[in-house]
There are 2 protein chains.
Amino acid sequence: MAATVLTCESCDGTIGGVRNRFPTRRGTQRATISDVAAAAGVSKATVSKFLGDKGYYISAETRERIAAAVRELEFQPNAIAQGLSNRRSNTVGVIVASITNPFYPELIAGVEEVIGESEYTLLLGSTDGRPAKEADLVRSMLQRQVDGLIMAAVTMEDEAVARLVESDVDVVLASRALDATPADTVVIDNVLGARLAVEHLLGHGHRRVAHLAGPLNVVPFRLRRDGYLEALRSAGLDVDERLVCDATTESGAAAAMTAVLAVPDPPTAVFVANDRMAIAVLEFCAARGIRVPADLAVVGFDNIWVGRLSGVGLTSVDSRARAVGRTAAQTLARRMRARHADQSVVAPPERVVLRPDLVVRRSCGCESTENDDDEIVPLFF
Amino acid sequence: MAATVLTCESCDGTIGGVRNRFPTRRGTQRATISDVAAAAGVSKATVSKFLGDKGYYISAETRERIAAAVRELEFQPNAIAQGLSNRRSNTVGVIVASITNPFYPELIAGVEEVIGESEYTLLLGSTDGRPAKEADLVRSMLQRQVDGLIMAAVTMEDEAVARLVESDVDVVLASRALDATPADTVVIDNVLGARLAVEHLLGHGHRRVAHLAGPLNVVPFRLRRDGYLEALRSAGLDVDERLVCDATTESGAAAAMTAVLAVPDPPTAVFVANDRMAIAVLEFCAARGIRVPADLAVVGFDNIWVGRLSGVGLTSVDSRARAVGRTAAQTLARRMRARHADQSVVAPPERVVLRPDLVVRRSCGCESTENDDDEIVPLFF
DNA sequence: GTGAAAGCGCTAACAA
DNA sequence: TTGTTAGCGCTTTCAC
């Protein structure tokens, strides 16, 4: 049972003449290491050694007495206090652009897969693509002394990111690399991914391929557009500026598509910079009676799970969210371990580039070749 | 610029005869309140007062000097230290069953919507439906001194939850209510939701309605099954046990459906306990050439966004994930505020029951009536 | 083997 | 208006 502090009427809430800042609080106070020490009849230091089991010698008898006290008082070490003393919080921050875009939960799950095994806990933040919120989150996480930070959403200026990377937290970028500053990075090859997509469409015989881009101040989107351009040029095709546009919302996507399709000699295919937009395009087509892929072939990017549903059948470039998350977490873990063990030798930054794959389904004009791998994942949760 | 600690060769890393535990660390040390105090030529206390701006009087001049020092040193208060001193971490934990089930990100987004405005940060955990992991997460969050906890996944024993609720953290249950112990709770009426679903199917003339249930040790799933049974009974129909079954994975769902459809006088409709499973059923039907809704009408539960895609068209009971998250966060915020302000008066626990709605689309046999509300949400992130 | 003491960075009560 | 001081709960050094 935890130490219960009773409301003590005779007591004036004073300790050594100085008023206690936290007189009597409602409920049950948590036991502290001092309580345990007192109960076991030893010093705090001994209890601490016992708890840390870092190879200190403690007599079997003392050991047993402490264990009993811990059990009795249901003692749980206060991680905040430990953190202050150790100068580490055992906590890693993960900043994503949007928790409701299925890409990110997948990435987070990858991070959890590896971090969850350790003693670390995840501090999560979602920026909704708002740079201000991103800055806020970074600040707040640094103040909370995260030991490491995975940034899967960076709209910040390169320079700000660089400052962060050079600070004394370990940072892994999981969305874009930095040109000037070397930093641990795990990304996919966005240019290649886009080329894969566009080349596939060209392979189907399309010559007028549009591109629905994301906001070009976000690096991966810019790279995807670059890949699109490259693919066209390598095929000896001219780029028609009117076929490249971006949109911000569902209705915006519809408007953009309307505009693109109104161009003389309209596109017969479109490469969309991410699946959420691609799906919006699919919906747009369904509503307008535009047949996919007969009238318009569509390829997306990210390969979120929705795309594989038989009613959707979206061909998409797999951006390996889970693998990115996993790799980023591994890189971070290695980094943190190194810092913990040794304070001077710094390994050079790692830059992992994962290879995206094109997952072919119906929307590009192929027969769905996919051998839909039955997931062994529980469906309830 | 932050205070840089240079590697000082002449210095023996000793302070007052006692060896410093953290000699010289790589990189830039963060400035502390003492650094600021020194730089501004005032005491720590004054700096603290300045930072907290809790209406302490500080001369304009001092104020300016401190501000300058803060700026100069890029001082960021250490939230861990603040937490230790204040006995609060300004952090709230959110435990969900699965981050990759779209229901939960939606709930989390709701929580963020209201918590994000405040100074609190989210500590996130996903249990994957594993009770052991759930227990671990709770422990770890308590050790990290979360000020509040939102539990959107409870497989724990009632009694354990009750102990938690009676502890000195504020807890809001967002998935099930407790029978014995009063506790802040935000849930939807699962029984009603299930009735809505089944009654709708009965309204379509179905008389043989199957139920694909979730694991019945999880309260909401049990309640949904109860609602299913109630609806049948109120309609004067017999319950055929063979039409009620559960499954664990995608292939399991397929097996369950195969079994159910093999029963003599097979069902013409099925009410599925959540959308992930319902979608698995839809996929199953598509693969087998079973037409939905002609051969089999399907209604799910949760109304995850995927259902509204034109290629899916899943009729489903909206479980108001976002609203639940938002409400839970508001309740929690109120609770934490109260605790912060006053330590004795305890408001009675709130129990909010949200009303689920049936969202009608094609899979039940209706013409899709849905007026698909263009979201004004950005599609990129 | 065990304990006393100092200190992690911050806050608040009280004195000046 | 500002400073002194005593913690918050824990870890580690160093002395016993």
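Protein chains get the first letters and strands the later ones, always in sequence-line order, with residue 1 at the start of each.
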**Student:** Whole-Å distance between D/dC8 P and B/I33 CD1?
**Tutor:**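 Taking atom P of D/dC8 as the reference, CD1 of B/I33 is at 18 Å.
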**Student:** OP1 or OP2 of C/dT2 sitting under 4.0 Å from any side-chain N/O of A/T62?
**Tutor:**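 Looking at the OP1 and OP2 atoms of C/dT2, one of them is under 4.0 Å from a side-chain N or O of A/T62.
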**Student:** Whole angstroms only, please: what is the CD-C1' distance between B/Q82 and D/dG7?
**Tutor:**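 Checked: the CD to C1' distance equals 16 Å.
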**Student:** Indicate, with a heavy-atom threshold strictly under 4.0 Å, whether A/L84 touches base, sugar-phosphate, or nothing.
**Tutor:**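 A/L84: base contact, heavy atoms under 4.0 Å.
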**Student:** Using a heavy-atom cut-off of under 4.0 Å over every strand shown, decide if B/V42 touches base, sugar-phosphate, or nothing.
**Tutor:**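 Counting heavy atoms under 4.0 Å across all strands, the contact made by B/V42 is with sugar-phosphate only.
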**Student:** Assess whether a salt bridge exists between B/R335 and B/E350, defined as any Lys/Arg side-chain N lying under 4.0 Å from an Asp/Glu carboxylate O.
**Tutor:**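 So B/R335 does not pair with B/E350 through a salt bridge.
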**Student:** Look at the side chain of B/S85 against the base of D/dG7 and say whether a donor-acceptor pair falls under 3.5 Å; ignore hydrogens and angles.
**Tutor:**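 Yes, a donor-acceptor pair under 3.5 Å.
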**Student:** Counting the atoms with a prime plus P, OP1 and OP2 as sugar-phosphate, which does B/F75 contact under 4.0 Å by heavy atoms, base, sugar-phosphate, or nothing?
**Tutor:**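 Here B/F75 touches the backbone only, sparing every base.
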**Student:** If I take atom NZ in residue A/K44 and atom P in nucleotide D/dT11, what distance separates them, rounded to the nearest angstrom?
**Tutor:**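 My rounded result for the distance is 10 Å.
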**Student:** Rounded off to whole Å, could you give me the CG-to-C1' distance for the B/N86 and C/dA12 pair?
**Tutor:**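 Going from CG in B/N86 over to C1' in C/dA12 covers 9 Å.
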**Student:** Do the charged groups of A/D136 and A/K133 touch, with an N to O distance under 4.0 Å?
**Tutor:**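 No salt bridge links A/D136 with A/K133.
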**Student:** Looking only at side-chain N and O atoms, does A/S59 come under 4.0 Å of OP1 or OP2 in C/dT2?
**Tutor:**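 Answer yes for this pair, as a side-chain N or O of A/S59 is under 4.0 Å from OP1 or OP2.
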**Student:** Given D/dC10, C/dT2, C/dG9, which nucleotide is nearest the side-chain atoms of B/N78?
**Tutor:**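 My answer, after comparing the listed nucleotides, is C/dG9.
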**Student:** Please name the pair of heavy atoms, one in A/R63 and one in A/Y56, separated by the smallest distance, quoted to 0.1 Å.
**Tutor:**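 For A/R63 and A/Y56, the tightest heavy-atom pair comes out as NH2-O, 4.0 Å.
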**Student:** Take the protein atom NZ of B/K49 and the nucleotide atom C1' of C/dA16, then report the distance between them rounded to whole Å.
**Tutor:**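 For the pair B/K49 NZ and C/dA16 C1', the rounded distance is 11 Å.
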**Student:** Can you tell whether the side chains of B/R71 and B/E64 come within less than 4.0 Å, N to carboxylate O?
**Tutor:**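 Here B/R71 pairs with B/E64 in a salt bridge, since their nearest N and O are under 4.0 Å apart.
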**Student:** Taking only side-chain nitrogens and oxygens of B/S43, does any of them come within less than 4.0 Å of OP1 or OP2 of D/dG3?
**Tutor:**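 Yes, such a contact exists.
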**Student:** Pick the nucleotide of DNA chain D nearest each of B/A81 and B/Y57; which residue has the one closer to the 5' end?
**Tutor:**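 Nearest-nucleotide comparison on DNA chain D picks B/Y57.
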**Student:** Does a salt bridge link B/R130 with B/E134, judged by any charged N lying under 4.0 Å from a carboxylate O?
**Tutor:**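 Between B/E134 and B/R130 there is no salt bridge, as every charged N stays at least 4.0 Å from the carboxylate O atoms.
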**Student:** Taking CZ from B/R30 and P from C/dC8, how many angstroms apart are they, rounded to a whole number?
**Tutor:**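 That distance rounds to 16 Å.
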**Student:** Hey, which of these two, A/L51 or B/A45, hits DNA chain D nearer its 5' end, going by closest nucleotide?
**Tutor:**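 Its nearest nucleotide lies further toward 5', so the answer is B/A45.
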**Student:** Give the rounded distance in Å between these two atoms: CZ of A/R63 and P of C/dG1.
**Tutor:**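 The distance from CZ of A/R63 to P of C/dG1 comes to 11 Å, rounded to the nearest Å.
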**Student:** Can you measure A/R65 atom CZ to C/dG1 atom P for me and round it to whole angstrom units?
**Tutor:**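 My rounded result for the distance is 15 Å.
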**Student:** Under 4.0 Å between a side-chain N/O of A/S48 and OP1 or OP2 of D/dT11, yes or no?
**Tutor:**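 Yes, because at least one side-chain N or O of A/S48 sits under 4.0 Å from OP1 or OP2 of D/dT11.
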**Student:** Between B/R87 and C/dT11, is there a side-chain N or O to OP1/OP2 distance below 4.0 Å?
**Tutor:**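 False: B/R87 side-chain N/O out of range (4.0 Å or more) of C/dT11 OP1/OP2.
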